[in-house]
Amino acid sequence: MKYYILFGPPGAGKGTHAVAIAKKYNLKHISTGELLRAEISSGSELGQQAQSLISAGHLVPDSIVEGMIEHAFDTYTEVDGFLLDGFPRNIAQAEDLDKILAKRAKQLKGVISIMIPDEVVKTRIAKRAAVEGRADDASEETINNRIRTYHAQTEPLIEYYKEKGCYYECDGNQGTIEVNQRAVLELMDSIEAI
Ligand code: AMP
């Protein structure tokens, strides 16, 4: 099993590019945001707990998402690995992921980072709100909170993974979706070749 993280700010294109990467490399794509939205739609207790935090643009408790990740690792055994999208989101989650992988005698193969500037985050999320109707895409205040949360809590992971020597970055705003996707897949090819 190989373990990858797809990293980047909200709106970087992680969800879109994850589908292509997962298909090409037979990886199970795990998006904690999608799993949480499914919990909210099902009306589960967990979903109810997460809903107000998500709609305010805050993170949900680490224990909730870590439980989801471990459950997925235990469930999908017929794949060549996992592509984590939206997890980890802070240093504590990254440290816990290290422990979860160590328990399985595994380590991360790479962090594929897709970078876009804040102004592009805002325009892309506004467009996505019209297409997908995600509640947390609709309000400007929530979007600003998500950007703030990204810089304060998630961005420090770049240094964390650089120090571990497994951080690989590409520009996620080079042109059309196809052009951006080609860059992400080329980066993934180069990591796979290591
Ligand atoms: P996403 O679809 O990845 O943008 O996630 C949507 C929302 O779900 C985020 O703004 C957070 O509120 C929550 N969420 C997703 N992943 C995590 C995580 N790893 N830790 C905490 N909250 C998360």
Side-chain angles (χ1 to χ4, degrees), residues 3-22 27-73 82-101 108 111-118 120-158 160-161 172-173 184:
Y3 295 83
Y4 293 95
I5 292 169
L6 193 56
F7 183 85
K14 298 190 294 295
T16 307
H17 300 318
V19 175
I21 298 173
L27 305 174
K28 176 66 189 170
H29 169 213
I30 304 171
S31 157
T32 42
E34 272 174 22
L35 292 173
L36 288 165
R37 284 187 286 281
E39 292 286 341
I40 293 172
S41 318
S42 77
S44 70
E45 202 177 308
L46 195 156
Q48 288 172 24
Q49 227 183 313
Q51 186 163 27
S52 55
L53 289 164
I54 293 179
S55 54
H58 300 308
L59 298 182
V60 307
D62 297 342
S63 58
I64 291 186
V65 284
E66 287 167 13
M68 290 174 154
I69 291 288
E70 286 214 78
H71 180 256
F73 286 173
F82 292 91
L83 183 63
L84 307 182
D85 161 4
F87 178 89
R89 229 30 180 243
N90 58 32
I91 296 285
Q93 290 179 14
E95 289 172 349
D96 288 340
L97 176 62
D98 288 342
K99 290 182 200 143
I100 291 168
L101 293 178
L108 269 182
V111 176
I112 306 131
S113 174
I114 309 172
M115 279 300 127
I116 58 168
D118 287 356
V120 179
V121 172
K122 288 187 190 173
T123 49
R124 284 200 189 166
I125 291 185
K127 273 195 207 153
R128 188 169 70 185
V131 179
E132 293 180 18
R134 257 175 69 171
D136 64 338
D137 281 345
S139 121
E140 203 177 322
E141 194 191 338
T142 301
I143 297 168
N144 286 333
N145 272 343
R146 279 159 66 202
I147 293 173
R148 266 195 292 275
T149 303
Y150 169 76
H151 287 302
Q153 300 198 47
T154 310
E155 205 169 41
L157 293 177
I158 296 176
Y160 182 86
Y161 287 118
N173 190 35
V184 175

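A quick note: this is a predicted structure, and the numbers were derived from the prediction, not measured. Start at 1 and go down the list; that is how both ligands and their atoms are numbered.
- Of the possible donor and acceptor atoms, none in the side chain of Thr32 sits under 3.5 Å from a partner among the backbone N and O of Met68.
- Legend: residues meeting salt bridge (charged side-chain N to carboxylate O under 4.0 Å, His left out) with Arg146, ordered by chain and number and at least two apart, are Asp136, Asp137.
- Under 4.0 Å from ligand 1, the heavy atoms of Arg134 that appear belong solely to its side chain.
- For atom 19 (N) of ligand 1, the closest heavy atom belonging to the protein is Gly86 O, 2.9 Å.
- When all heavy atoms of Ala92 and Asp62 are compared, the closest pair comes out as CB-OD2, 3.6 Å.
- Between the side chain of Lys14 and the backbone N or O of Pro9 there is at least one donor-acceptor pair closer than 3.5 Å.
- Less than 4.0 angstrom separates some heavy atom of Leu59 from each of these atoms of ligand 1: 21 (C), 22 (N).
- Nearest protein neighbour of atom 13 (C) of ligand 1, counting heavy atoms only, is Leu36 CD1, 3.6 Å.
- Only the side chain of Val65 comes within 4.0 Å of ligand 1, judged by heavy-atom distances.
- Protein heavy atom at the shortest distance from atom 16 (N) of ligand 1 is Thr32 OG1, 2.8 Å.
- Residues meeting the salt bridge (charged side-chain N to carboxylate O under 4.0 Å, His left out) test with Asp96, sequence neighbours left out: Lys99.
- Residue Arg37 has at least one N or O atom closer than 3.5 Å to an N or O atom of ligand 1.
- From the protein, the heavy atom lying nearest to atom 20 (N) of ligand 1 is Gln93 NE2, 2.9 Å.
- In this structure, Asn145 contributes its side chain and Ala56 its backbone to a donor-acceptor pair below 3.5 Å.
- His29 and Gly15 make their closest contact through CE1-O, 4.3 Å (heavy atoms, listed as atom of the first residue, atom of the second, distance).
- When the heavy atoms of Asp85, Leu84, Val60 are ranked by distance to atom 22 (N) of ligand 1, first place goes to Val60.
- Here His58 has backbone heavy atoms under 4.0 Å from ligand 1, and that is the only part of it that gets that close.
- Distance from atom 5 (O) of ligand 1 to its nearest protein heavy atom, with residue and atom name: Arg89 NH2, 3.3 Å.
- The backbone N or O of Gly43 lies less than 3.5 Å from a partner atom in the side chain of Gln48, making a donor-acceptor pair.
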